[in-house]
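Everything numeric in this text was worked out from a predicted model, so none of it was measured.
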Amino acid sequence: MSGNHYKGHEVSCCIKYFIFGFNILFWLLGMALVGIGLWAWSEKGVLSNISSITDLGGLDPVWLFMVVGGVMFILGFAGCIGALRENTFLLKFFSVFLGIIFFLELTTGVLAFVFKDWIKDQLNLFINNNIRAYRDDIDLQNLIDFTQEYWECCGAFGADDWNLNIYFNCTDGNPSREKCGVPFSCCTKDPAEDVINTQCGYDIRAKSDSEQKDYINVKGCVPQFEKWLQDNLTLVAGIFIGVALLQIFGICLAQNLVSDIEAVRASWVPPPLSMRRLPPHSSKKASAYYS
């Protein structure tokens, strides 16, 4: 008989395989998001011209898929392989990485609450930068249209913010047919219309303010977002608390598994010499050495 001897300690199979199962799903989802991001960049020709990644003046939504997918992939890999192979380094990396994400989320939430006006200014700046790049990227264009339709808003603080875009501004030298207009996503929806009228915003800002209200949503997206946040504060807080508890739970499980693995290793006792299997040619030397 040969083998390792332990003094009563063992690794919890429930914790081990729960971490493994949860993280393999996380890992696969991260791979899927990265794959979607790479496919989107391939369709837009970004992969054949890497320098074009930084050419867009606004936000490329593909970055969201790449960053979120990359973080999920790294976390899922560390948790999955660390649990399966009982690798304490990967499990500790998983715990620390998850802890850093939790700390960043907590810090962001506190700063957003304390510096509300600064956050509002930064959000206004962010939206206006993306308005300038509206026609430069189809993914960004779809994201802006979705946002304006969902929150029934137009521009950061109003329809006139679309003056920042070269296609929609009202300057005399603008040859665009969309001059003094807004995207169709700013238009109020007519329930009787089955087909979207993509030209509904043409020349709309040439009309008076009272007339604009009959055709487009005149409220800005920043005030509408604030209103949505106030109306859904309980839901948003519940989601943040739920995510935070899951992260804390994951850290605790990983640390518990690390403690089990280290306890098992610490309790390891080498078997007696008489129970070891030695090669025939070394048995005489071993006997002479231990006699």
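- Asn23 places a side-chain heavy atom less than 4.5 Å from the side chain of Phe94.
- In this structure, Gln247 and Glu105 have side chains that are in contact, with non-hydrogen atoms separated by less than 4.5 Å.
- Criterion: ILVMFWY side-chain heavy atoms under 4.5 Å apart, direct or through other members. Under it, Phe77 and Met31 are part of a common hydrophobic cluster.
- When side chains are defined from C-beta on, Phe184 does not count as touching Gln148, because their heavy atoms never get closer than 4.5 Å.
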Check against side chain to side chain contact (heavy atoms under 4.5 Å, CB included), Phe102 and Val243: CA-CA 9 Å; Phe102 173 75; Val243 171; over 6 Å; no

Verdict with supporting geometry, Arg132 and Asp161, salt bridge (Lys or Arg N to Asp or Glu O under 4.0 Å): CA-CA 10 Å; Arg132 291 187 181 93; Asp161 288 333; over 6 Å; no

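- At a cut-off of 3.5 Å, with distance as the only test, no side-chain donor of Asn197 or Tyr202 sits close to an acceptor on the other residue.
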Test side chain to side chain contact (heavy atoms under 4.5 Å, CB included) applied to Tyr134 and Asp145, step by step: CA-CA 9 Å; Tyr134 177 75; Asp145 286 335; 2.8 Å; yes

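- A continuous path of Ile, Leu, Val, Met, Phe, Trp and Tyr side chains, each step under 4.5 Å between heavy atoms, connects Tyr215 with Val182, placing both in one hydrophobic cluster.
- Remark: the Gln212 side chain and the Arg205 side chain contain no N/O donor-acceptor pair separated by less than 3.5 Å.
- Under the 4.5 Å side-chain heavy-atom criterion for grouping Ile, Leu, Val, Met, Phe, Trp and Tyr, Ile101 is not connected to Leu64 through any hydrophobic cluster.
- Figure legend: cation-pi geometry between Lys227 and Phe225 absent, as NZ or CZ is not positioned both under 6.0 Å from the six-membered ring centre and within 45° of its axis.
- Two different hydrophobic clusters hold Phe93 and Leu253 under the rule that ILVMFWY side chains link at heavy-atom gaps under 4.5 Å.
- Taking 4.0 Å as the cut-off between side-chain N and carboxylate O, Glu152 and Lys189 do not count as a salt-bridged pair.
- With values rounded to the nearest 0.5 angstrom, Glu149 atom CD is found 9.5 Å from Asn142 atom CG.
- Salt bridge present: Lys92 and Glu262 bring a charged side-chain N and a carboxylate O closer than 4.0 Å.
- The CG atom of Leu84 sits 8.5 Å away from atom CD1 of Ile24, with the distance rounded to the nearest 0.5 Å.
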Derivation of the side chain to side chain contact (heavy atoms under 4.5 Å, CB included) call for Cys170 and Asn163: CA-CA 7 Å; Cys170 293; Asn163 263 330; 3.8 Å; yes

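- Atom OG of Ser12 sits about 10.5 Å away from atom CD1 of Ile261, to the nearest 0.5 Å.
- Using a 3.5 Å distance cut-off with no hydrogens or angles, the side chains of Thr171 and Asn169 do pair a donor with an acceptor.
- With contacts defined as side-chain heavy-atom distances shorter than 4.5 Å, the pair Phe97/Ile74 qualifies.
- Tracing side-chain contacts under 4.5 Å through hydrophobic residues (I, L, V, M, F, W, Y), one never reaches Val71 starting from Trp63; they form parts of separate clusters.
- Aromatic pair Tyr167/Trp162: ring centres not closer than 6.0 Å.
- Taking CG of Leu164 as the start and CG of Asn130 as the end, the distance is 11.5 Å to the nearest 0.5 Å.
- In summary, Glu86 and Lys16 engage in a salt bridge, as defined by a charged side-chain N under 4.0 Å from a carboxylate O.
- Annotation: side chain of Ile36 is not in contact with side chain of Val62 (no heavy-atom distance under 4.5 Å).
- Separation of atoms CZ (Phe240) and CG (Leu106) is listed at 11.0 Å; rounding is to 0.5 Å.
- Residue Ile204 holds its CD1 atom at 8.5 Å from CG of Asp214, rounded to the nearest 0.5 Å.
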Test side chain to side chain contact (heavy atoms under 4.5 Å, CB included) applied to Thr88 and Arg265, step by step: CA-CA 11 Å; Thr88 55; Arg265 290 176 179 174; 3.7 Å; yes

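- In this model, Cys154 has its SG atom no nearer than 2.5 Å to the SG atom of Cys221.
- Contact of the Asn87 side chain with the Ile81 side chain is not registered, since no non-hydrogen atoms from C-beta on lie closer than 4.5 Å.
- Inter-residue side-chain proximity for Val34 and Met66 is flagged as met; some heavy-atom pair is nearer than 4.5 Å.
- Residue-environment remark: CD1 (Ile196) stays at or below the threshold of 12 foreign heavy atoms within 6.0 Å.
- The SG atoms of Cys153 and Cys186 do not sit under 2.5 Å apart.
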Candidate pair Trp151 and Asn217, rule side-chain hydrogen bond (donor to acceptor under 3.5 Å, both in side chains), full reasoning: CA-CA 10 Å; Trp151 278 320; Asn217 300 305; over 6 Å; no

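- Counting heavy atoms from C-beta on, the side chains of Thr147 and Ser185 never come closer than 4.5 Å.
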